[in-house]
Amino acid sequence: MDDSENPNDEVQYHLGIGPDDTAGPVLLPGDPERVPKIAEAWESVEETGHHREYRTMTGRYEGEPLTVTSTGIGSPGAAIAVEEHANLGTGTFIRVGSCGAIQPEMSVGDLVITTGAVRQEGTSKEYVREEYPATAHPEVTTALVAACEELGYDYHCGVTCSTDSFYAGQGRPGFGGFEAAEADGLVEELQNAGVLNFEMEAAALLTIANIYGLRAGVVCTVYANRVTGEFRTEGERRAGEVASTAAAILAAMDRAKTEAGADHWHAGLTLDR
């Protein structure tokens, strides 16, 4: 490969950032406009890159280093962000998004912490066979749960369905009322299987992170409930606040593991924050 085509130079081709422009876990919202909204709760922050849909800010939250990078809509863009941040040494990722709930008891403004994802998207299939599970790292999931409890936010833990299409892929009618094959039964099928929500990035993030031995998790705010018909962009900042707090909790977990000589976090370790 010619140097001019090598995407793995020190400054990453799509993100437009280098190793000095990122630190700590990386939060991954979709919308570039959510990046400053997430970072406004931090003690310090600096914009370190903005190229295409990838806007990056780095700073500190509860004294811990932290970065946020937007990925745009969908799994292909999220996969690029993970690849290029991994090149820079990032080991932990938390998707911070919005979603549509498909269980009736879930309210707009609630949070969903993904434990695993239905891989109804194409990006993860470019990496590994379809039977490979898309699972969240248990330490990240634990930290997200602890953050929700600490902040007092209502949350649900369970399986997410990730799609490549906001319309046909999630059982919505497209232009002119078009409906994809079997779309009329999709939501009911997933409901019966206990799936909580639709979104568009979790499965690829979790699959790629597992393949590379990285930590990843997902927290999304419910904007719509497909069962009740409720829709509001409420609680937009909650997922970002929870993810930032979870990143600080993960830093404390890592210190506790080091002090105890443990390879994995467990409930017998004490957190010092």
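Residue numbers run from 1 in the order of the sequence given. Scope of the values below: all heavy atoms of this structure, side chains included, with no hydrogens, waters or symmetry mates.
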A side-chain contact here means heavy atoms from C-beta on lying under 4.5 Å apart; do [X] and [Y] qualify?
X      : Y      : value
Val112 : Met106 : yes
Ser70  : Asp31  : no
Ser165 : Gln170 : no
Gln103 : His156 : no
Thr160 : Cys99  : no
Ile102 : Val195 : yes
Leu196 : Val159 : no
Leu271 : Met253 : yes

Does the [X] side chain pair with the main chain of [Y], one donor and one acceptor, at a distance under 3.5 Å?
X      : Y      : value
Arg55  : Glu33  : no
Thr92  : Pro25  : no
Glu121 : Thr123 : yes
Lys125 : Arg119 : yes
Asp110 : Ser107 : yes
Arg34  : Lys37  : no
Ser75  : Met200 : yes
Thr141 : Ala136 : no
Asn210 : Thr135 : yes
Gln12  : His85  : no

Nearest atoms (heavy-atom pairs only) where [X] meets [Y]:
X      : Y      : value
Ala86  : Leu214 : CB-CD1, 4.1 Å
Ala252 : Asp272 : CB-O, 3.9 Å
Pro104 : Asn225 : O-ND2, 4.1 Å
Arg172 : Phe166 : NH1-O, 2.7 Å
Thr67  : Trp42  : C-CH2, 3.8 Å
Ser162 : Ala203 : OG-N, 3.0 Å

Task: CA sep, side-chain torsions, deciding dist, call: Leu186, Phe198, side chain to side chain contact (heavy atoms under 4.5 Å, CB included) - done: CA-CA 11 Å; Leu186 175 63; Phe198 281 117; 4.1 Å; yes

Spell out, yes or no, whether [X] and [Y] are grouped together once hydrophobic residues are joined by side-chain heavy atoms under 4.5 Å, including indirect joins.
X      : Y      : result
Tyr223 : Val108 : no
Tyr167 : Val118 : no
Ile94  : Leu15  : no
Val145 : Leu27  : yes
Val218 : Leu111 : no

Between [X] and [Y], does any side-chain donor sit less than 3.5 Å from a side-chain acceptor?
X      : Y      : value
Gln120 : Thr163 : no
Tyr61  : Thr245 : yes
Tyr212 : Glu83  : yes

If you round to the nearest 0.5 Å, how far is [atom2] of [Y] from [atom1] of [X]?
X      : Y      : atom1 : atom2 : value
Glu199 : Ile73  : CD    : CD1   : 12.0 Å
Leu151 : Ser244 : CG    : OG    : 9.5 Å
Glu130 : Thr207 : CD    : OG1   : 11.0 Å
Glu46  : Thr56  : CD    : OG1   : 11.5 Å
Asp254 : Glu139 : CG    : CD    : 6.5 Å
Tyr155 : Leu144 : OH    : CG    : 10.5 Å

Open item on the list: Distance to the ring centre below 6.0 angstrom and angle to the axis at most 45 degrees; does that hold for Arg215 and Phe93?
Closed with: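 The answer is no, since Arg215 fails at least one limit relative to Phe93.
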
Task: Candidate pair Ile80 and Tyr54, rule side chain to side chain contact (heavy atoms under 4.5 Å, CB included), full reasoning - done: CA-CA 10 Å; Ile80 287 172; Tyr54 302 104; 3.4 Å; yes

Task: Step-by-step side chain to side chain contact (heavy atoms under 4.5 Å, CB included) determination, Leu205 to Val82 - done: CA-CA 7 Å; Leu205 167 62; Val82 172; 3.5 Å; yes

Open item on the list: Please determine whether side chain to side chain contact (heavy atoms under 4.5 Å, CB included) holds for the pair Ile17 and Leu88, giving the CA-CA distance in whole Å, both sets of side-chain angles, and the decisive distance to 0.1 Å.
Closed with: CA-CA 9 Å; Ile17 60 174; Leu88 297 174; 3.8 Å; yes

TODO: For Glu47, look at atom CD and say whether over 12 heavy atoms of other residues, nucleotides or ligands are found less than 6.0 Å away.
DONE: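 It does: Glu47 CD has more than 12 such atoms within range.
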
Open item on the list: Set out, in order, the CA-CA distance, both residues' side-chain angles and the distance that settles salt bridge (charged side-chain N to carboxylate O under 4.0 Å, His left out) for Arg95 and Glu201, then state yes or no.
Closed with: CA-CA 8 Å; Arg95 163 156 159 70; Glu201 292 85 11; 2.9 Å; yes

Open item on the list: Whether Arg273 and Glu64 form a salt bridge (side-chain N of Lys/Arg under 4.0 Å from carboxylate O of Asp/Glu) is what I want to check.
Closed with: no

Open item on the list: Less than 4.0 angstrom from a charged side-chain N to a carboxylate O is my criterion; do Arg232 and Glu230 meet it?
Closed with: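 Looking at Arg232 and Glu230, the cut-off is met.
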
